[in-house]
2 protein chains.
Amino acid sequence: MTQRDASVETIQQEMTAFARRARATAARMHPELSLVSYTLLAHLDDQQGCRATDLAAHYYLDKSTVSRQIAALEKLGFVERRIDPDDHRVQVLHPTAEGAQVLANVTASRRQAFHERLADWGEEDLDRFASYLVRYNAAQEKLG
Amino acid sequence: MTQRDASVETIQQEMTAFARRARATAARMHPELSLVSYTLLAHLDDQQGCRATDLAAHYYLDKSTVSRQIAALEKLGFVERRIDPDDHRVQVLHPTAEGAQVLANVTASRRQAFHERLADWGEEDLDRFASYLVRYNAAQEKLG
DNA sequence: ACGCCACGTTGTACTGTACAACTAGTTTCC
DNA sequence: GGAAACTAGTTGTACAGTACAACGTGGCGT
């Protein structure tokens, strides 16, 4: 096995290990907002509102899945729907004030957890790791 | 925001994005063996057999979850149980010949997918990426 | 105006997961 | 030697997340 094969193998194993754990870790840390809900809410916040269809496309989720996730977030009072006056089929989704607040809390706590995990990393390593991940995910997106 | 903060932010986002997609991607690529089953079966293969409890501990899964996953793998004919003659509570789990074969196929195809995704990476970048992932996951393990 | 397309919801089914209660072996310790 | 405590695994139950298919409703093109 070449060095190259060994690296690829490691990357595969480690990415897989990470993926397996991510949900459970997130759930333990933030029982009030699952990883999926968090991601969707964060996207709404980031985009200053968007449609359910956009969320589905962006996250490769079925529209029914998004519909239910949003319904749950609405029930919690974290998201509100604004019917587009120009097209009554469309609902533009926005975080509520409360939703934005919860999101901010979870984001802060996630960020802190990541900072802790990465505390003893040097600047240069962090920077490189970040760019590798971006590159890797971009490639995955392209190849499916 | 410092450079350091920005890097941490990116790492967080990209790891999260990856985690969200991993299961679905795995399911699309390998309908015959889910990500979880694959992982468990691979561990059995790797360890030359182990107990259900060991799998649960290693993957932070409840023993009931492992029990059901193994039951499913057994039903598919991919795993067999051998009662430990010294302790009749214990079942040592092993991949069957067929299980090992399926595992080998999936592993090969996963490996190829990873190789494709990483095809245009240089040796040195691959190596560094791999070691960053190891380091990151090790830190996560330590801190919970 | 009719048919087609886009947006979203609802019915249904399945996977992965945890927790709690249970059964059945094993070890400890008096 | 036997009761209590422990360990391995299974089963009942519940729930989240997900997809697919069928549907309702609203807008658009010819």
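Each chain gets a letter, A, B and so on, in the order its sequence line appears, and its residues count up from 1.
In this model, the phosphate group of C/dA20 is not approached by any side-chain N or O of B/Ser64 to a distance below 4.0 Å at OP1 or OP2. Of the side-chain N and O atoms in B/Arg81, one or more sit less than 4.0 angstrom from OP1 or OP2 of D/dT10. One finds a side-chain N or O of A/Thr65 lying less than 4.0 angstrom from the OP1 or OP2 phosphate oxygen of D/dA19. Taking 4.0 angstrom as the limit, A/Gln91 places none of its side-chain polar atoms (N or O) nearer than this to OP1 or OP2 of C/dC7. Contact annotation: B/Thr53 reaches the phosphate of D/dG9 (side-chain N/O to OP1 or OP2, under 4.0 Å).
Both A/Arg89 and A/Lys63 lie near DNA chain D, and the one whose nearest nucleotide falls closer to the 5' end is A/Lys63. Comparing B/Val66 and A/Val36 against DNA chain D, the residue whose closest nucleotide sits nearer the 5' end is B/Val66.
Between the CD atom of A/Gln69 and the P atom of D/dT18 there is a distance of 6 Å, given to the nearest Å. Atom C1' of nucleotide C/dG8 and atom CZ of A/Arg82 are separated by 19 Å, given to the nearest angstrom. Distance, A/Leu55 CG to D/dG17 P: 15 Å, rounded to whole Å. Rounding to whole angstrom units, CG of residue B/Asp62 and P of D/dT7 are separated by 16 Å. Taking atom OH on A/Tyr60 and atom P on D/dA19, their separation rounds to 13 Å, with Å as the unit. Taking atom CG of residue A/Asp84 and atom P of nucleotide D/dC28, one finds them 11 Å apart after rounding to whole Å. Protein atom CZ of B/Arg51 is 11 Å distant from nucleotide atom P of D/dT7, rounded to whole Å. The interatomic distance linking A/Leu33 (CG) with D/dA16 (P) rounds to 13 Å, in whole Å.
The minimum heavy-atom distance between A/Leu41 and A/Gly99, with the atom names listed, is CD2-O, 3.8 Å. Taking all atoms of both residues into account, the shortest heavy-atom contact from A/Arg4 to B/Glu123 is N-OE2, 3.3 Å.
Within the 4.0 angstrom heavy-atom criterion, no nucleotide atom of any strand lies near B/Tyr59. Using a 4.0 Å heavy-atom criterion, one finds that B/Asp86 contacts the sugar-phosphate atoms exclusively. Contact annotation for B/Ile70: no contact, since no heavy-atom pair falls under 4.0 Å across all strands. Within 4.0 Å of A/Asp87, counting heavy atoms only, lie sugar-phosphate atoms of the nucleic acid but no base atom.
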TODO: Might you work through the side chain to side chain donor-acceptor pair (under 3.5 Å) test for A/Ser34 and A/Ser37, ending with a clear yes or no?
DONE: CA-CA 5 Å; A/Ser34 75; A/Ser37 307; 3.0 Å; yes
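Of the charged side-chain nitrogens involved, none lies within less than 4.0 Å of a carboxylate oxygen, so that B/Asp84 and B/Arg89 do not count as a salt-bridged pair.
Residue A/Val90 places its side chain closer to C/dC7 than to any other of C/dG25, C/dC7, C/dA18.
Close placement of the A/Trp121 and B/Tyr132 rings is indicated, their centers lying within 6.0 Å of each other.
Both the sub-6.0 Å distance and the 45° axial angle are satisfied by B/Arg117 relative to the ring of B/Phe114.
The base of C/dT12 is paired with the side chain of A/Arg68 by a donor and an acceptor separated by under 3.5 Å.
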